[in-house]
Chemist: 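Following this message is one structure expressed as structure tokens.
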2 protein chains.
Amino acid sequence: MKNSRTTLKDLAKELNLSASTISRALGNHPGISESTTKLVQKKAEELGFIPNSIASSFRKKKTQSIGIIVPRIDIYFHSLVISGIEDYAYKMGYNVTIFQSKDSMKREQEITKILQNKMVEGVIVCLSIETDKYDHFKKFKKLGIPLVFYDRVPSEIDVNSIVINDYESAFTATKHLIEKGCKRIAHIAGNQSTAIFKARYEGYKAALKKHKLTLDANLVGLTHNLSYEEGVIQANKFLKLPVLPDGIFCANDYTAVSVLQVFMKAGVKIPEETAIVGFSNYPISRVIEPHITTINDRAFEMGTEAAKLSIRLIEDEEESIKSETISLNTELIVRESSMKTTV
Amino acid sequence: MKNSRTTLKDLAKELNLSASTISRALGNHPGISESTTKLVQKKAEELGFIPNSIASSFRKKKTQSIGIIVPRIDIYFHSLVISGIEDYAYKMGYNVTIFQSKDSMKREQEITKILQNKMVEGVIVCLSIETDKYDHFKKFKKLGIPLVFYDRVPSEIDVNSIVINDYESAFTATKHLIEKGCKRIAHIAGNQSTAIFKARYEGYKAALKKHKLTLDANLVGLTHNLSYEEGVIQANKFLKLPVLPDGIFCANDYTAVSVLQVFMKAGVKIPEETAIVGFSNYPISRVIEPHITTINDRAFEMGTEAAKLSIRLIEDEEESIKSETISLNTELIVRESSMKTTV
DNA sequence: CTGAAAGCGCTTACAG
DNA sequence: CTGAAAGCGCTTACAG
């Protein structure tokens, strides 16, 4: 399409000034007289001058943009994180370019290539579920482009990452059930090859141990991806036990919802007979009845922190070598699904 | 941060060829011998050459990028649309830069300025709820940057837009209730200054009229933003009526959920005494019990179509003057909340 | 099939 | 306080 943009030169010619002066005046450079600056800015406004920031980026080798790679945008958790990133980045004058890996390592690898030559200044990533090799991220280090991971982070140590304290959160959630008088506490666990779900399982086990409750293998339901459907399957398994669990800690809210519905349909009273705690604070947890006690996973703040760290690393002159892991503290949100009167 | 990228020139020097040849060989230009092309590409790989696409964009005046302005990323509908846009854009070699207006016209105006000098090649927008002036979009036309609106579109005619057939969808939803034997059908309506909600209200009215049912003002609940809470308020109003509505068509799924919950708590049988239909096919509609009959608003496809149209307009040589409105057909998804046996 | 040269629109070190 | 000049890393019309 035709391009009839006014350029610096046009402005210069119009005002009988040099391009250098125009450039400086527009940038409010101190070494330009106030009158000239005023004049230039007025004229720029008048001619509808829009600086070509591609030229500027090219010249300055600064694009003021951050690349994001997420598995999918339409997963609520990620949409919240992205929202947090955009919000902070916008305030700092950065913009964000988004790519979806669709949980494919191959696509993730393609995207890293694109990001390398697109000259983003920083990259924020949540790994695809398939990713078990990290070579495609190494190039960023060589190029001096800081990488920040969140949620699903590489199982290596020297990366910048934003996570939540999954272990402690799971511990807290389980302890809450214990304090409510539960003795037979079940757990619906996520994929144990994913660090965060492993940590949640560990936190659950630790809380039981601490309170001298024995771990019963029948009360642990391992799932592949914590889907609603898998939750239904696990719930039905629990229902067939000779003695029902009196508390269930689910590693996410989807499975918490399915357990809640399956149990209620089977006539089990929630929370009196079985108390339920989820994880993530998805919107549905405060809509479904009874409302579900859950862990606020602070997705938005995760995004804010990721953006903050990324921009700090971008603007940091002395390339700080050491990697940083920021662990956010979650909070337990107590709702009806676990509100039974303590014994 | 330090930048030690290999450039075209480095490659040229290394191979004793000109930069022109290197550039062409990398681009698989036909006028270069196969052997040279092979040689250059091998060397490029070897030296880890990454083309500087900012330089290339600058030179070619093509950034292969699309800007998106949405009210919020963390609204499920928008996250789906964005996902659809990214998906199609990615396939076509475009990337997407996202901004949130946060439903502020002021911020939307700021963003349009940024997008104008960022040299995106196309812009896709869902207007902020506040927006009642469109001057900030005019500049795009002058710059030859095609604009595509979706969902909330300007109340002017000459814009490209992707919408769904709200009127027909509402008509279908209401007709469905009528066919199920409902005689007193209520409607929870959205903000009537927003075109889509107005169209849904009109569709509801038209269906009543067509089937000779009278419109009862007591059965219409106007809300400001169709929030869950507003749904609760309207539901309680309906409960106080001497005769309950036997069908309710809600302009979105949030209010459908709240009506369903309030009515059930009041002992009303769903769908036997009151059937409910929502709008949007939010995930919660197929989780809450009874599952809610709703309209699939095809958000993902809306994104795909927006991207498709945007890219077509970008790549179209002969700046097609006429604007296009693409209206997607929705579908009614019948679930338990309206499945009562017909009389 | 390959190369020399110009130039995209800015910014900035250098000079005055 | 202002200007001339060089250059960022590519691409492409022109020439051979």
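Residue numbers begin at 1 in each chain, while the letters A, B, ... track the order of the sequences. Source: prediction; values computed, not measured.
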Chemist: Quick one: is B:S56 getting a side-chain N or O under 4.0 Å of the D:dG9 phosphate, OP1 or OP2?
Modeler: no
Chemist: Take A:S18 and B:T21, find for each the nucleotide of DNA chain D with the closest heavy atom, and name the residue whose nucleotide sits nearer the 5' end.
Modeler: A:S18
Chemist: Taking only the side-chain nitrogens and oxygens of A:K61, find out if one of them lies under 4.0 Å from OP1 or OP2 of D:dG9.
Modeler: yes
Chemist: For the ring pair B:F137 and B:F149, is the centre-to-centre distance below 6.0 Å?
Modeler: yes
Chemist: From C-beta outward on B:S20, which listed nucleotide comes closest to its side chain: C:dT2, C:dG3, D:dC8?
Modeler: C:dG3
Chemist: Nearest-Å distance, CG (B:L8) to P (D:dC8)?
Modeler: 13 Å
Chemist: Could you give the CZ-to-P distance, from A:F49 to C:dG9, as a whole number of Å?
Modeler: 10 Å
Chemist: Between atom CG in B:N28 and atom P in C:dC1, what is the gap in whole Å?
Modeler: 13 Å
Chemist: Look at the rings of A:F58 and B:F58 and say which category their plane angle falls in: under 30° parallel, 30 to 60° tilted, over 60° perpendicular.
Modeler: tilted
Chemist: Could you tell me whether the phosphate oxygens of D:dT12, OP1 or OP2, come under 4.0 Å of any side-chain nitrogen or oxygen in B:S23?
Modeler: no
Chemist: Using a 4.0 Å heavy-atom cut-off across all strands, classify A:S57 as base, sugar-phosphate, or nothing.
Modeler: nothing
Chemist: Rounded to whole Å, how long is the line connecting atom NE2 of B:H29 with atom C1' of C:dG3?
Modeler: 13 Å
Chemist: Need the pair for D:dG3. Rule: Watson-Crick or G-U wobble, both distances under 3.5 Å, any strand; none if unpaired.
Modeler: C:dC14
Chemist: Let me spell it out: for each of B:A55 and B:E34, pick the nucleotide of DNA chain C with the closest heavy atom. Which residue's pick is nearer the 5' end?
Modeler: B:E34
Chemist: Using atom CD1 of A:I50 as one end and atom P of C:dC10 as the other, report the distance to the nearest whole Å.
Modeler: 11 Å
Chemist: Does the structure show A:F58 stacking with C:dC10, if we require the centres to be closer than 5.5 Å and the planes to be within less than 30 degrees of parallel?
Modeler: no
Chemist: Just the rounded figure in Å: distance from P of D:dC10 to NZ of B:K62.
Modeler: 20 Å
Chemist: Quick one: A:K13 NZ to D:dA4 P, roughly how many Å, whole number?
Modeler: 14 Å
Chemist: Rounded to whole Å, how long is the line connecting atom CG of A:N52 with atom C1' of C:dG7?
Modeler: 14 Å
Chemist: Ignoring hydrogens and geometry beyond distance, is a side-chain donor-acceptor pair present between B:S57 and B:T63 at under 3.5 Å?
Modeler: no
Chemist: I want to check one thing: is the phosphate of C:dG9, taken as OP1 and OP2, less than 4.0 Å away from some side-chain N or O of A:T7?
Modeler: no
Chemist: Would you indicate what B:L17 reaches in the nucleic acid, counting non-hydrogen atoms under 4.0 angstrom: base, sugar-phosphate, or nothing?
Modeler: sugar-phosphate
Chemist: Checking side-chain polar atoms at under 3.5 Å, does A:S65 have a donor or acceptor matched by the opposite partner on A:T97?
Modeler: no
Chemist: Name the residue closer to the 5' end of DNA chain D, choosing between B:R24 and B:S53 according to the nucleotide with the nearest heavy atom.
Modeler: B:S53
Chemist: Does a donor on one side chain and an acceptor on the other come within less than 3.5 Å for B:S104 and B:E130?
Modeler: no
